[in-house]
Peer 1: 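Sharing a structure below in structure tokens format, with a few things to ask.
Keep in mind that what you see is a predicted model, and the values were worked out from it rather than measured. If you read the sequence from its start, that first residue is 1, and numbering goes on from there. Atoms considered below: every heavy atom in the structure, side chains included; atoms not considered: hydrogens, waters and symmetry mates.
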Amino acid sequence: MTRTLRLSLAVATAAVAALALSSCSAGSSGGADGTVSDGKLTIATGQPAYSPWVEDNKPQSGKGFESAVAYAVAKEMGYAKSDVVWKRSTFDSAVAPGPKDWDLNVQQFSISSQRKKAVDMSSPYYTTTQAVVTTQKSKAIDDTTVAKLKQDTIGVAAGSTSITSVKDTLGVTPQVFNSNDDAVLALKSGQIDAIVTDLPTAFYMSAAQLDDGTVSAQFPSDGKGDQFGFVLPKDSELTSKVDSALKKLDDDGTLQDLQTKWLSSETNTPVLK
């Protein structure tokens with residue numbers, strides 16, 4: 001056997017071995033459908049996950065806006081509820097570069113070009129609206145119409161889009177504070193009757209910063225808020241499938257129905273009229 005032939009055979013053998021090893025690795029690390037586990041859709045969320053996004057910290061229940069949306073997307077993608085596997089992850093690790101042990105992650109991720117450099121982001125499933133935070137002792141507690149709320153003293157954070165929303169929707173000029181924390185202190189002291197901020201922040205304020213806080217109403221959607229999307233691993237095969245599922249759910253009214261149910265009806269947060 002010539003030296004050239006021996007060398008050619010050695011190279012060919014090595015190539016076959018490498019291909020076999022690569023195939024084994026791919027088969028053991030992920031599913032044929034582009035998922036991390038064959039036949040399953042692994043979805044991650046935060047620990048803990050808070051209402052109204054996930055009820056009772058149990059995403060597997062399908063209760064809560066993001067849990068319900070996740071199952072609706074999974075169904076459109078061809079996965080039964082029993083095929084959905086839930087994991088937990090931190091917010092920061094989800095949007096950091098690198099491999100992931102989940103297919104989708106949902107925990108109020110605002111879509112941004114900066115995040116898209118490290119991960120894939122789906123089309124939006126929700127655009128934030130402005131909301132009213134008040135307390136049980138405030139005179140604004142039952143003011144769920146524009147006519148009534150405009151008579152209250154409203155506080156907002158400096159630099160927020162809430163300033164424009166209050167002026168455009170209520171026709172009044174709000175008191176502006178350096179931060180949301182300062183606005184919360186003003187509400188606690190009775191300096192203002194209510195705070196206007198984006199809905200996710202409003203839920204946080206009422207639950208974590210105010211002992212008797214409540215989100216009493218939300219503004220009509222103007223389409224100008226932050227857009228929330230699913231996070232997927234960079235260059236995921238599933239990104240286009242998630243986008244297609246979300247388009248179908250948007251077109252047939254499912255996303256709006258889920259938003260009304262979990263972010264309005266279940267939380268007793270009516271839209272201002």
Peer 1: Test of understanding: clusters of I, L, V, M, F, W, Y form through side-chain heavy atoms closer than 4.5 Å, transitively. Do L249 and V231 belong to the same one?
Peer 2: no
Peer 1: Would a hydrophobic clustering, with Ile, Leu, Val, Met, Phe, Trp and Tyr connected at side-chain separations under 4.5 Å, put V73 with V36?
Peer 2: no
Peer 1: Just checking, is any N or O donor in the side chain of S89 or N105 under 3.5 Å from an acceptor N or O on the other one?
Peer 2: yes
Peer 1: List the atom pairs, with distances to 0.1 Å, where a side-chain N or O of residues 144-155 and a protein N or O form a donor-acceptor pair under 3.5 Å, not counting sequence neighbours.
Peer 2:
from : atom 1 : to   : atom 2 : distance (Å)
T145 : OG1    : K148 : N      : 3.3
Q151 : NE2    : A147 : O      : 3.2
D152 : OD1    : K139 : NZ     : 2.7

Peer 1: Determine yes or no for a side-chain-to-main-chain donor-acceptor pair under 3.5 angstrom, with K234 supplying the side chain and K116 the backbone.
Peer 2: yes
Peer 1: Hey, could you give me the CG/CE distance between L187 and M205, rounded to the nearest 0.5 Å?
Peer 2: 9.0 Å
Peer 1: Got more than 12 heavy atoms from elsewhere within 6.0 Å of CG, D257?
Peer 2: yes
Peer 1: S123 and side-chain hydrogen bond (donor to acceptor under 3.5 Å, both in side chains): which partner among D243, T239, D250?
Peer 2: D243
Peer 1: Between S51 and W262, is there a side-chain heavy-atom distance shorter than 4.5 Å?
Peer 2: no
Peer 1: Please list, chain by chain and in numerical order, all residues satisfying ring-ring contact (aromatic ring centres under 6.0 Å, His included) with F109, sequence neighbours excluded.
Peer 2: F91
Peer 1: So, taking the atom named CH2 in W102 and the one named CG in L232, what distance separates them when rounded to the nearest 0.5 Å?
Peer 2: 7.0 Å
Peer 1: Got T197 and S160 here, is their nearest side-chain heavy-atom distance under 4.5 Å?
Peer 2: no
Peer 1: Would you check if there is a donor-acceptor pair between the side chains of D181 and S179 at a distance under 3.5 Å?
Peer 2: no
Peer 1: Look at the side-chain heavy atoms of Ile, Leu, Val, Met, Phe, Trp and Tyr, link any pair under 4.5 Å apart, and say whether Y71 and V242 land in one connected group.
Peer 2: yes
Peer 1: Say whether T90 and S93, considering side chains only, have a donor N or O and an acceptor N or O under 3.5 Å apart.
Peer 2: yes
Peer 1: With sequence neighbours left out, what residues match S221 under side-chain hydrogen bond (donor to acceptor under 3.5 Å, both in side chains)?
Peer 2: none
Peer 1: Show your reasoning for whether side chain to side chain contact (heavy atoms under 4.5 Å, CB included) applies to E266 and E55.
Peer 2: CA-CA 11 Å; E266 292 288 335; E55 292 300 312; over 6 Å; no
Peer 1: Do any N or O atoms from the side chain of D252 and from the backbone of T254 form a donor-acceptor pair under 3.5 angstrom?
Peer 2: yes
Peer 1: Can you tell me how far the CD atom of Q130 sits from the OG1 atom of T164, to the nearest 0.5 Å?
Peer 2: 9.0 Å
Peer 1: What residue pairs, at least two apart or across chains, pass salt bridge (Lys or Arg N to Asp or Glu O under 4.0 Å) with a residue in residues 79-100?
Peer 2: K40-D83, K87-D101
Peer 1: Name every donor-acceptor pair, under 3.5 Å, that has one atom in a side chain of residues 210-220 and the other anywhere in the protein, sequence neighbours excluded.
Peer 2:
from : atom 1 : to   : atom 2 : distance (Å)
Q218 : OE1    : T129 : OG1    : 3.3
Q218 : NE2    : L263 : O      : 2.9
Q218 : NE2    : T269 : O      : 3.0

Peer 1: Considering all heavy atoms of both residues, which atom of A245 and which atom of M77 are nearest to each other, and what is their separation?
Peer 2: CB-CG, 4.2 Å
Peer 1: Measuring only between side-chain heavy atoms, which start at C-beta, is F230 closer than 4.5 Å to L246?
Peer 2: yes
Peer 1: Minimum heavy-atom separation for V176 and A158, please, with both atom names.
Peer 2: CG1-CA, 3.5 Å
Peer 1: Give a yes or no answer on whether the side chain of D226 reaches the backbone of S110 with a donor-acceptor pair at less than 3.5 Å.
Peer 2: no
Peer 1: Would you give the length of the straight line joining atom CD of E66 to atom CD of Q107, rounded to the nearest 0.5 angstrom?
Peer 2: 8.0 Å
Peer 1: Measure the spacing between OG1 of T161 and NZ of K224 and express it to the nearest 0.5 Å.
Peer 2: 9.5 Å
Peer 1: Check whether any side-chain heavy atom of V184 sits under 4.5 Å from a side-chain heavy atom of I195, and report yes or no.
Peer 2: yes
Peer 1: Does any part of the side chain of L238, heavy atoms only, come nearer than 4.5 Å to the side chain of L41, both counted from C-beta?
Peer 2: yes
Peer 1: On a heavy-atom basis, which atom in K167 and which in P174 lie closest, and how many Å separate them?
Peer 2: CG-CD, 4.2 Å
Peer 1: Please enumerate all residues that pass side chain to side chain contact (heavy atoms under 4.5 Å, CB included) together with P124, with sequence neighbours excluded.
Peer 2: I111, Q227
Peer 1: Do Y79 and D103 meet the criterion of a side-chain donor-acceptor pair at a distance under 3.5 Å?
Peer 2: no
Peer 1: Between N57 and G46, which heavy-atom pair has the shortest distance, and what is it?
Peer 2: OD1-O, 4.5 Å
Peer 1: If you take the centroid of each ring, where Trp contributes its six-membered ring, are Y126 and F65 closer together than 6.0 Å?
Peer 2: yes
Peer 1: Between L104 and V106, is there shared hydrophobic-cluster membership here, with clusters defined by ILVMFWY side-chain heavy atoms closer than 4.5 Å?
Peer 2: yes
Peer 1: With side chain to side chain contact (heavy atoms under 4.5 Å, CB included) as the criterion, how do I141 and T135 come out once you've worked through the C-alpha distance, each side chain's angles and the decisive distance to 0.1 Å?
Peer 2: CA-CA 6 Å; I141 186 62; T135 65; over 6 Å; no
Peer 1: Using the rule that two of Ile, Leu, Val, Met, Phe, Trp, Tyr join whenever any of their side-chain heavy atoms come within less than 4.5 Å, decide whether L199 and V69 are in one cluster.
Peer 2: yes
Peer 1: Distance check, rounded to the nearest 0.5 Å: I163 atom CD1 versus S165 atom OG?
Peer 2: 9.5 Å
Peer 1: Looking only at atom types and distance, does a side-chain atom of S67 sit under 3.5 Å from a main-chain N or O of G64, one as donor and one as acceptor?
Peer 2: no
Peer 1: Taking T134 for its side chain and D193 for its backbone only, find out whether a donor-acceptor pair lies under 3.5 Å.
Peer 2: yes
Peer 1: So which heavy atom on I43 is nearest to which on A70, and how close?
Peer 2: CD1-CB, 3.9 Å
Peer 1: Under the 3.5 angstrom rule, does the side chain of S264 hit a backbone N or O of K261 as a donor-acceptor pair?
Peer 2: no
Peer 1: Can you say whether the rings of F203 and W53 are parallel (under 30°), tilted (30 to 60°) or perpendicular (over 60°)?
Peer 2: perpendicular
